[in-house]
Visitor: 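Let me give you the structure first, and then I'll get to my questions.
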There are 2 protein chains.
Amino acid sequence: MAETQVTENYLKVVWNAREWSDGPVTVGVLATRLGLAPSSVSGAVRKLTERGLLTHAKYGDIELTDDGQRLALATVRKHRLIETFLVEYLGYTWDEVHDEAEVLEHAVSDTFADRLAAKLGEPDHDPHGDPIPRADGTVHLVEQAALDTIEPGRHVRVARVSDEDPDLLRHLAELGITIGTALEVHRRQDAIGTIDVDYNGACHILGLTAARSIRVSPN
Amino acid sequence: MAETQVTENYLKVVWNAREWSDGPVTVGVLATRLGLAPSSVSGAVRKLTERGLLTHAKYGDIELTDDGQRLALATVRKHRLIETFLVEYLGYTWDEVHDEAEVLEHAVSDTFADRLAAKLGEPDHDPHGDPIPRADGTVHLVEQAALDTIEPGRHVRVARVSDEDPDLLRHLAELGITIGTALEVHRRQDAIGTIDVDYNGACHILGLTAARSIRVSPN
DNA sequence: TCTAAGAGTTCGGTCCACCGAAAACAAGTA
DNA sequence: TACTTGTTTTCGGTGGACCGAACTCTTAGA
């Protein structure tokens with residue numbers, strides 16, 4: 001069986017793509033996320049399909065099989081546990097953890113992950129609010145809306161922020177936005193592409209890019 | 001620069017080979033330690049030589065250049081810090097850590113290693129007594145003798161045990177031998193290949209294999 | 001000094017992961 | 001229906017890391 005790092009990574013990216021966007025997961029989507037040429041991804045997907053880890057309608061959607069999902073979740077679990085560990089134990093900031101975790105997730109054993117989880121108190125989400133899959137493959141998904149879809153006047157709480165752009169995370173930290181921050185959507189200026197939000201007693205302006213990366217839950 | 005895992009591993013193994021045995025480090029020695037065919041090692045050594053990380057007298061000895069040594073020590077440092085962490089923080093036993101560290105050493109960043117070292121209190125040796133190289137590339141080498149070279153009647157203290165054979169480590173743990181154990185060499189039975197040692201108030205018999213893997217310092 | 005065993009190297013070949021270029025396809029538009 | 005655009009696939013090719021088989025070198029012993 002001995003799954004390679006590349007295999008784990010493809011499966012994880014398929015899972016992430018499904019988690020953060022709707023619409024079909026295509027070769028193009030994966031190529032963008034992986035930073036690879038479409039031809040490379042096409043070939044790899046064919047092999048993973050042959051190995052029973054993916055299903056792939058030619059020229060169409062790519063999905064995880066049960067086996068593929070199991071492996072993907074194991075990797076996601078490791079990634080998020082490691083991110084949590086880096087922040088909690090080693091004092092990393094939330095914008096520093098992604099790259100480190102991206103490599104480590106393929107290097108730690110299942111045993112390591114389980115012992116780390118126990119040591120961290122079986123956390124159910126990581127520093128960005130992403131849910132951490134359990135060892136048995138279950139994930140606790142809370143329904144959340146992207147901030148750019150919230151009606152003005154609503155009071156919400158930051159539940160989750162995409163961990164993929166360190167610059168965004170650094171910026172949000174400077175703005176005082178973190179997991180749990182309570183905010184009110186003040187005004188949407190769709191023409192300009194900004195959203196005004198109130199929190200900590202003041203009004204701040206966010207761009208759509210940021211708003212789309214922030215998921216909130218009702219306060 | 002971006003050094004690959006394979007590169008790091010070759011350099012580390014050259015360093016380890018020099019540390020644990022005298023005599024020249026040859027292609028054959030590396031092939032055995034790495035579990036690879038001699039032809040593979042020969043080719044790899046040629047490439048590493050071209051990259052200025054090794055020197056290699058044809059058909060002869062293999063040595064690290066200054067650059068190679070720097071890289072090797074960085075990897076050894078990571079390996080030993082990780083082993084320490086696994087025992088101290090995650091509760092691994094000393095026979096469980098090697099395989100996990102063998103993979104992780106190539107996955108963690110220098111930053112990770114430095115922060116981990118700080119968190120662990122800048123330890124100067126790992127659970128097997130192996131010295132942990134500092135970030136600046138210095139290593140604190142204490143003079144130690146292999147247990148099989150000690151004269152009967154001498155009182156010594158276990159300073160270090162090879163981490164490469166988990167079975168040996170498990171066995172020693174069962175026998176109550178660990179780093180710091182004070183013992184007296186009672187009798188050497190060279191013809192049989194055993195050494196009788198006294199410790200914890202009783203006499204125990206060790207084979208030469210074990211004795212050679214144990215390094216001691218004067219008590 | 002010669003030679004044979006053992007150690008090291010060279011050579012051809014495999015597999016994996018990747019690429020660019022060109023062909024094949026899907027889907028919307030004329 | 002035919003075309004055009006953008007996506008996907010196929011194809012040939014590269015480089016890294018490995019292997020076994022055949023060849024070459026070193027060296028110890030006759």
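Quick note on labels: first sequence line is chain A, next is B, and so on, each numbered from 1.
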Visitor: Please identify each residue that fulfils side chain to side chain contact (heavy atoms under 4.5 Å, CB included) with Asp190(A), with sequence neighbours left out.
Guide: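 Only Arg188(A) meet the side chain to side chain contact (heavy atoms under 4.5 Å, CB included) criterion with Asp190(A).
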Visitor: Check each residue of residues 32-43 of chain A for a non-hydrogen atom within less than 4.0 Å of any atom in DNA chain D, then write out the ones that pass by number, or none.
Guide: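 Within residues 32-43 of chain A, the residues near DNA chain D are Pro38(A), Ser39(A), Ser42(A).
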Visitor: Using five base pairs at each end to define the local axes, how bent is the helix from dT1(C)-dA30(D) to dA30(C)-dT1(D), to the nearest 10°?
Guide: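 Taking five pairs per end, the axes differ by 20°.
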Visitor: Would you grab the first and last nucleotide of DNA chain C (5' to 3') that comes under 4.0 Å of any non-hydrogen atom in chain B?
Guide: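 It runs dG8(C) to dT10(C).
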Visitor: Of all residues at least two apart in sequence or in a different chain, which pass the side chain to side chain contact (heavy atoms under 4.5 Å, CB included) check with Ser162(A)?
Guide: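 Here the qualifying residues are Trp20(A), Glu164(A), Ser213(A).
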Visitor: Are Glu174(B) and Arg170(B) ion-paired here, with the side-chain N under 4.0 Å from a carboxylate O?
Guide: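 No.
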Visitor: Keeping Thr65(A) on the side-chain end and Gly52(A) on the backbone end, is there a donor-acceptor pair under 3.5 Å?
Guide: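 Checked: pair present.
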Visitor: What I'd like to find out is whether the side chain of Arg51(B) reaches to under 4.5 Å of the side chain of Thr7(B), using heavy atoms alone.
Guide: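 Yes, side chains in contact.
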Visitor: State which residues pass side chain to side chain donor-acceptor pair (under 3.5 Å) with Glu96(B); sequence neighbours excluded, sorted by chain then number.
Guide: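 Residues passing side chain to side chain donor-acceptor pair (under 3.5 Å) with Glu96(B): Arg115(A), Thr93(B).
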Visitor: Quick one: side chain to side chain contact (heavy atoms under 4.5 Å, CB included) partners of Ala74(B), sequence neighbours excluded?
Guide: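 Once residues adjacent in sequence are excluded, Ala74(B) has no partner under the side chain to side chain contact (heavy atoms under 4.5 Å, CB included) criterion.
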Visitor: Students should find this one: the first and last nucleotides of DNA chain D, 5' to 3', lying under 4.0 Å from a heavy atom of chain A. What are they?
Guide: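 Footprint of chain A along DNA chain D, 5' to 3': dT8(D) to dT10(D).
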Visitor: Which sits closer to the 5' end of DNA chain C, Lys58(A) or Ala44(A), going by the nucleotide each is nearest to?
Guide: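 Whichever sits nearer the 5' end wins; that is Ala44(A).
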Visitor: Among all residues two or more places apart in sequence or in another chain, which pass the side chain to side chain donor-acceptor pair (under 3.5 Å) test with Gln69(B)?
Guide: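 Residues passing side chain to side chain donor-acceptor pair (under 3.5 Å) with Gln69(B): none at all.
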Visitor: Taking salt bridge (Lys or Arg N to Asp or Glu O under 4.0 Å) as the test, write out the residues that go with Arg187(A), two or more places apart.
Guide: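 Partners of Arg187(A) by the salt bridge (Lys or Arg N to Asp or Glu O under 4.0 Å) criterion, ordered by chain and then number, come out as Asp196(A).
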Visitor: Could you tell me which residues satisfy side chain to side chain contact (heavy atoms under 4.5 Å, CB included) with Ala17(B), sequence neighbours excluded, listed by chain and number?
Guide: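 Applying side chain to side chain contact (heavy atoms under 4.5 Å, CB included) to Ala17(B) gives Val25(B), Val29(B), Arg33(B).
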Visitor: Please tabulate, for side-chain N and O atoms in residues 128-151 of chain B, each donor-acceptor pair with protein atoms closer than 3.5 Å (sequence neighbours left out).
Guide:
unit_1: His128(B); atom_1: ND1; unit_2: Glu83(B); atom_2: OE1; d: 2.9
unit_1: His128(B); atom_1: NE2; unit_2: Trp94(B); atom_2: O; d: 2.9
unit_1: Asp130(B); atom_1: OD1; unit_2: Arg160(B); atom_2: NE; d: 2.5
unit_1: Asp130(B); atom_1: OD1; unit_2: Arg160(B); atom_2: NH2; d: 3.2
unit_1: Asp136(B); atom_1: OD1; unit_2: Thr138(B); atom_2: N; d: 2.9
unit_1: Asp136(B); atom_1: OD1; unit_2: Thr138(B); atom_2: OG1; d: 2.7
unit_1: Thr149(B); atom_1: OG1; unit_2: Ala146(B); atom_2: O; d: 2.7

Visitor: What do you reckon, is NE2 of His171(B) surrounded by more than 12 foreign heavy atoms closer than 6.0 Å?
Guide: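 Not more than 12 within 6.0 Å, no.
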